Amino acid sequence: MTTQQLFEQIRLKQSFLSVGLDVDLNKIPQHLLDTEDPIFEFNKAIIDATHDLAVAYKPNTAFFEAYGLKGWHSLEKTIKYLNDKHPEVFTIADAKRGDIGNTSAMYAKAFLHDMAFDSITVAPYMGKDSVEPFLAIKDKFTILLALTSNEGAFDFQTKMAGDKELYKQVLETSKTWAGSENLMYVVGATKAEYFTEIRKIIPNSFILVPGVGAQGGSLEEVCKYGMNSQVGLLVNSSRAIIYASNGTDFAEKAREEALKVQQEMNKILLDRQLAKIEL
Ligand SMILES: O=c1ccn([C@@H]2O[C@H](COP(=O)(O)O)[C@@H](O)[C@H]2O)c(=O)[nH]1
């Protein structure tokens, strides 16, 4: 998928919502536990109920890895289902990988080639040679952790590294890497006030923004400081959508929550005159 195709999806759906698939077997409806693959059945129902409201899905691999081989199988089935049934949506493997070059190349093969995700989240701290193997894969995106949504982001990311904060170094340096046109970045919704500075460094890049919903970040503030002329934002919500109910109506309630976010996004796009639907 290209960023132009992603932008077209955003205009068509009037949404820049990413639904996070963070499936915890302790939180899903009881009746699904009797099925052969409860994780996949849960994801399938959530995807079926929300795919017209979301432009992206973000399975966090931790929630699959935690269940061993069965979990990996559920992840494979989930991405295959998305690629087969909804090839228009942008898929994000939230795996936060990154290692020495030959190891990163294996991660890139597993997630971007074999499982055919459109993108993967990658930690930047092992530097250029740990990220370039991901960037080398054509028409795929590497989403680099820049300024994360958690409190611990202040431990290192906002500390001065030379003449500027570390997260700014990450943004600036990463732009010089081979394949940097395939970069997107993670910036937490809880850090909305940083978006103005961030946009000075990466005006045109897409930013994946986790942290609305359960973590309390403000969609309005993120858009105020982070949106560019191509929208440039994928705002993720996981728990607030997928666990809206743990009864048999879970998919319906997830849709209601996704719809609330999509309607707020639609309003923001209209206010910013980015709501022109015809392509
Ligand atoms: O800075 C970051 C990077 C990744 N995440 C991930 O996003 C979702 C958020 O889930 P919610 O339930 O909407 O809080 C989750 O998978 C995190 O691991 C993040 O929150 N912050």
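Both counts, for ligands and for their atoms, begin at 1 and track the order of listing. Quick caveat, the model's predicted, so the values are computed rather than measured.
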Ion pair K44/E41, N-O distance below 4.0 Å: no
Heteroatom distance test (T148, ligand 1): nitrogen or oxygen, under 3.5 angstrom: no
Decide, yes or no, whether a salt bridge links K13 with D52 under the criterion of side-chain N to carboxylate O below 4.0 Å. no
Polar contact flag for S237 and ligand 1 (N/O pairs, less than 3.5 Å): no
In the protein, which heavy atom is nearest to atom 18 (O) of ligand 1, and how far is it? N60 ND2, 2.9 Å
Charged N to carboxylate O under 4.0 angstrom, E197 versus K168? yes
Relative to the heavy atoms of P210, which atoms of ligand 1 are at a distance of less than 4.0 Å? 1 (O), 2 (C), 3 (C), 4 (C), 5 (N), 7 (O), 19 (C), 20 (O), 21 (N)
Salt bridge flag under 4.0 Å for residues E252 and R255: no
The protein heavy atom nearest to atom 16 (O) of ligand 1 is D22 OD2, 2.7 Å
Write out the residue and atom name of the closest protein heavy atom to atom 10 (O) of ligand 1, then the distance separating them to 0.1 Å. S238 OG, 3.2 Å
Examine F156 together with Y167 and report whether their ring centres are nearer than 6.0 Å. no
With only distance considered, is R239 within less than 3.5 Å of ligand 1 through an N or O on each side? yes
If you link ILVMFWY side chains whenever their heavy atoms are less than 4.5 Å apart, which other residues fall into the same cluster as L53? By chain and number, please. L259
Just checking, is any N or O donor in the side chain of S238 or N236 under 3.5 Å from an acceptor N or O on the other one? yes
Which atoms of ligand 1 have any heavy atom of S149 under 4.0 Å away? 1 (O), 2 (C), 19 (C), 20 (O), 21 (N)
Measure from atom 8 (C) of ligand 1 to every heavy atom in K96, K191, K58 and give the option owning the shortest one. K58
Number the atoms of ligand 1 from 1 as they appear, then name those within less than 4.0 Å of a heavy atom of D94, with their elements. 4 (C), 6 (C), 16 (O)
Note the single closest protein heavy atom to atom 20 (O) of ligand 1, along with its residue, its atom name and the distance in Å. Q215 NE2, 2.7 Å
Is the shortest side-chain N to carboxylate O distance from D37 to K77 below 4.0 Å? yes
